[in-house]
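Down below is the structure, laid out as structure tokens.
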2 protein chains.
Amino acid sequence: MQGHDLGALRRLNTVAVLQALRAGEPLTLSRLKSATNLSRPTLELALEDLTTRGWVAEAATGEGRSPGRPARRFRFRAEAGRVAGVDIGLHKIVLTLADLAGEVRATEREDIDPAMDGADRLDFLRQRLRRFLDDHAVRAEELWAVGVGVPGLVDEAGRIRSVIVPEWTGLDLGRRLSETFGCPVIAENDVNLAAVAEHWRGAARLTDDVACVLAGRRAACGLLLGGRLHRGRRGGAGELGSLPHLGLASAHEALQWQHGDKEGESEITALVRALESDDPEAHAVLDAYAARLAPGIAALVLAVDPDLVVISGGVTPAGQWLTPRLTTHLRDLTLHVPQIAVSTLGEPGVSLGAVRTALDSVDTILDNPTGPLPSTTR
Amino acid sequence: MQGHDLGALRRLNTVAVLQALRAGEPLTLSRLKSATNLSRPTLELALEDLTTRGWVAEAATGEGRSPGRPARRFRFRAEAGRVAGVDIGLHKIVLTLADLAGEVRATEREDIDPAMDGADRLDFLRQRLRRFLDDHAVRAEELWAVGVGVPGLVDEAGRIRSVIVPEWTGLDLGRRLSETFGCPVIAENDVNLAAVAEHWRGAARLTDDVACVLAGRRAACGLLLGGRLHRGRRGGAGELGSLPHLGLASAHEALQWQHGDKEGESEITALVRALESDDPEAHAVLDAYAARLAPGIAALVLAVDPDLVVISGGVTPAGQWLTPRLTTHLRDLTLHVPQIAVSTLGEPGVSLGAVRTALDSVDTILDNPTGPLPSTTR
DNA sequence: CGGCATTATGCAAGAGTCCTGCATCATGCA
DNA sequence: TGCATGATGCAGGACTCTTGCATAATGCCG
């Protein structure tokens with residue numbers, strides 16, 4: 001714990017004003033006053049400072065609902081910068097562009113040849129992100145941070161360990177890309193990012209202890225405990241797939257469904273259609289899958305006792321039928337069955353979590369009380 | 001995030017000075033200056049304030065090693081208050097008295113009749129704590145907080161759920177006792193407190209992600225993640241005992257050892273003696289126990305991936321033989337075998353963790369930036 | 001259309017906190 | 001005894017926050 005200077009006090013107060021404005025709607029001085037407990041002259045000075053640095057602008061006066069002189073309103077200049085979120089999996093890449101308020105400005109998805117090797121994949125990622133930024137006229141100095149979700153574990157130092165893209169094991173993807181794009185790039189396990197996203201804007205907004213279970217070809221889990229991502233030593237938290245007693249790794253075998261009538265229809269879509277028409281065989285398949293998933297989830301629930309388990313991944317479309325079955329099976333295995341919800345974000349969740357991680361990295365710049373408040377034009 | 005006025009700044013700085021002194025040795029003004037980044041006049045004002053409020057006193061000047069005028073030295077008045085830690089189990093009660101620096105001043109242990117019911121047990125706890133405080137001349141206004149470890153889960157609201165003392169289920173022990181003793185009383189699961197204690201002063205001082213496994217008649221686990229206690233919804237984190245796939249609840253059956261020669265010697269003491277004399281049968285028993293413990297610990301390790309697993313509870317005396325066997329068995333079950341250590345605190349660990357929890361509760365009073373800095377004489 | 005209540009804004013005065021810098025004091029060493 | 005070294009005492013100055021009053025702009029009502 002450090003002592004604070006008068007200058008630090010002012011910086012602290014200025015950031016407090018900025019945070020209040022970032023939270024949402026444009027605010028008048030009166031509202032800022034009650035939000036920050038600061039006096040009006042102090043607020044005016046802080047706002048002037050923030051305005052010259054490009055963080056804040058005066059908004060149009062709101063509709064004059066109240067009597068009296070209309071108040072000026074100030075807003076956070078979300079357009080002052082951009083962050084990007086990338087989800088690079090085995091089969092696809094998803095790119096998301098957002099402003100500093102986290103508002104999504106553009107999204108793009110493209111299939112990848114699963115056979116593409118690690119080096120080509122890195123080049124591909126670089127090239128597509130570069131093109132994506134160019135397409136949306138993002139200048140280098142506008143880009144504040146990038147988050148990247150990868151299919152593998154990422155340790156605290158940023159090094160990857162992946163069985164899906166084995167050549168990336170040992171790679172410090174963040175450092176490599178940050179050299180290319182001239183801003184912080186944070187690599188993170190994709191399931192962890194899905195958990196972050198569900199907590200931010202998905203099914204887990206109301207709780208701070210969430211386990212996000214990826215159920216599909218892969219079985220993995222992201223943990224958000226106390227509102228913060230829990231990685232564990234070397235990023236291995238939630239990797240229950242490898243314990244044979246629980247049979248999580250092979251659970252997907254129970255999800256076979258070859259009854260697709262229509263050409264080109266995916267297995268899960270066909271299964272969902274069968275479920276919708278109350279096909280008893282389809283329900284039996286889903287129940288068997290739930291039964292094989294249950295011990296692994298039970299171990300997770302007993303270990304960390306989350307408020308909520310979010311089911312995401314390939315089975316998401318069948319989620320509404322899966323959750324009650326899962327609840328039934330869990331009742332036999334755990335003391336307390338947690339709430340179970342289906343991902344509301346689906347596939348774009350990972351790249352949205354990557355955006356959130358990038359925004360967190362921007363926040364650390366602002367939270368640092370020493371040094372001057374940065375400007376938006378760097 | 002709130003704005004701060006000049007008064008809050010001063011309070012912030014004063015607390016920073018106090019924290020610097022709390023950390024350890026008495027400090028001179030120069031050392032405080034480098035520790036807090038504050039100027040000398042500011043430090044002097046803060047120290048005067050802290051002195052009149054009773055938090056700080058001038059210490060004897062250290063041995064004049066350096067040239068120049070000898071500097072005054074200031075120290076935290078740890079004797080300005082007391083906190084107590086209690087561990088009430090099925091078979092025993094342990095009481096610990098400490099000063100505000102966490103220095104232990106007294107400890108007491110007493111057996112309890114395991115058949116004692118919930119109501120009598122609460123009275124017993126009250127009476128023994130009262131007597132313990134009287135014996136050591138702790139006046140009511142000197143006692144700042146009490147921590148209590150109980151054999152059961154404690155939810156966020158402070159309510160207990162226990163199978164060991166079933167009558168306590170639903171009890172808000174903290175509120176009840178705080179009315180009796182006139183200070184905050186925090187109830188917490190005993191294994192959680194063991195984890196806190198090992199992190200504070202035991203085997204887990206160097207790491208912030210720790211699982212503390214209670215191995216003995218009971219099987220339970222306390223989790224400290226990111227340096228903070230992780231309770232989970234309703235305090236159920238780490239309760240892997242109930243999952244039959246892992247067989248943790250019945251593991252203790254493998255630990256039978258009836259070969260005690262000496263009268264009155266406990267089972268574990270006899271086993272340790274046999275291990276010391278390289279009795280192959282004793283080693284086989286321990287190996288079988290490790291094998292039955294391993295799947296549960298593996299599930300925990302895969303779920304949260306801690307840096308360190310601390311083994312505590314009844315088997316602690318045999319820990320040095322248990323840990324290598326456990327490591328061997330875990331190697332087959334997990335990707336990464338974490339470090340495994342034996343509790344260095346043993347049985348008093350829980351009450352020491354209770355002391356730490358009580359001290360944390362004192363800290364929250366100091367950390368609150370609004371309102372005046374409290375005095376030690378309330 | 002004009003007065004009134006209501007709310008926002010401009011400006012100055014006042015109080016509080018922190019830092020810098022110089023002179024002074026106390027000790028160890030030559 | 002003189003000197004270097006580091007601690008202490010005491011202003012002066014700079015900065016920040018708050019309070020309070022006068023003024024400006026709007027909606028409402030007569």
Side-chain angles (χ1 to χ4, degrees), chain A residues 1-18 20-21 26-51 56 58-75 369-373, chain B residues 1-18 20-21 26-51 56 58-75 369-373:
Chain A
M1 192 166 172
Q2 283 280 44
H4 291 286
D5 192 333
L6 258 72
L9 176 61
R10 175 177 265 274
R11 159 107 200 226
L12 230 55
N13 286 342
T14 306
V15 171
V17 172
L18 186 58
L21 288 175
L27 295 176
T28 66
L29 280 173
S30 311
R31 284 188 176 278
L32 275 173
K33 193 171 164 178
S34 56
T36 60
N37 270 327
L38 292 168
S39 69
R40 196 166 47 76
T42 304
L43 287 173
E44 277 170 336
L45 285 172
L47 286 167
E48 192 187 322
D49 190 16
L50 287 167
T51 304
V56 162
E58 201 167 332
T61 60
E63 317 76 64
R65 235 7 59 234
S66 65
R69 174 173 176 169
R72 289 189 293 166
R73 295 170 48 197
F74 298 88
R75 65 178 183 84
T370 64
L373 188 67
Chain B
M1 192 166 173
Q2 283 281 44
H4 294 285
D5 74 359
L6 278 121
L9 176 61
R10 174 173 264 269
R11 158 109 201 225
L12 230 56
N13 285 341
T14 307
V15 171
V17 173
L18 186 59
L21 288 175
L27 295 176
T28 65
L29 280 173
S30 311
R31 284 188 176 278
L32 274 172
K33 193 171 163 180
S34 56
T36 61
N37 270 325
L38 293 168
S39 70
R40 197 166 45 77
T42 304
L43 286 173
E44 277 171 335
L45 285 172
L47 286 168
E48 192 187 323
D49 190 15
L50 287 167
T51 304
V56 162
E58 202 167 333
T61 60
E63 317 76 66
R65 238 359 63 233
S66 65
R69 175 173 176 170
R72 292 188 292 167
R73 293 177 359 147
F74 298 88
R75 65 177 183 86
T370 64
L373 189 68

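Chain letters run A, B, ... following the sequence lines, proteins first and then strands; every chain starts at 1.
Computed from coordinates, the A:Leu29 CG to D:dA25 C1' distance equals 15 Å when rounded to whole Å. If you take CG of A:Asp49 and P of D:dC15, they are 15 Å apart, rounded to a whole angstrom. The distance from atom CZ of A:Arg73 to atom P of C:dT7 is 17 Å, rounded to the nearest whole Å. Distance A:Leu47 CG to D:dC17 C1': 15 Å, rounded to the nearest Å. Atom pair A:Glu48:CD and C:dG10:P shows a separation of 11 Å (rounding to whole Å applied). Across the protein-nucleic acid pair, B:Leu12 atom CG and D:dT16 atom C1' stand 15 Å apart, rounded to whole Å. The CD-P distance, from A:Glu58 to C:dT9, rounds to 8 Å in whole Å. Regarding A:Leu373, its CG atom lies at a distance of 14 Å from the P atom of D:dT16, rounded to whole Å.
Using a 4.5 Å heavy-atom cutoff, the side chains of B:Leu373 and B:Arg11 are in contact. In this structure, the side chains of B:Thr36 and B:Asn13 stay at 4.5 Å or more apart for every pair of heavy atoms.
Among the atoms of the strands shown, only primed sugar atoms or phosphate atoms (P, OP1, OP2) are found under 4.0 Å from some heavy atom of A:Ser30.
Considering every non-hydrogen atom in both B:Leu12 and A:His4, the closest pair reads CD2-CD2, 3.6 Å. Of all heavy-atom pairs spanning B:Leu29 and B:Leu43, the tightest one is O-CD1, 3.7 Å. Between A:Ala20 and A:Leu27, the shortest heavy-atom distance links the atoms O-CD1, 3.8 Å.
A:Asn37 places no side-chain N or O within donor-acceptor distance of the main-chain N or O of B:Gly3, the cut-off being under 3.5 Å.
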Nucleotide by nucleotide, 5' to 3', does protein get under 4.0 Å of the base (B), only the sugar-phosphate (S), or neither (-) in nucleotides 15-24 of chain C, counting heavy atoms?
-BBSBBB---

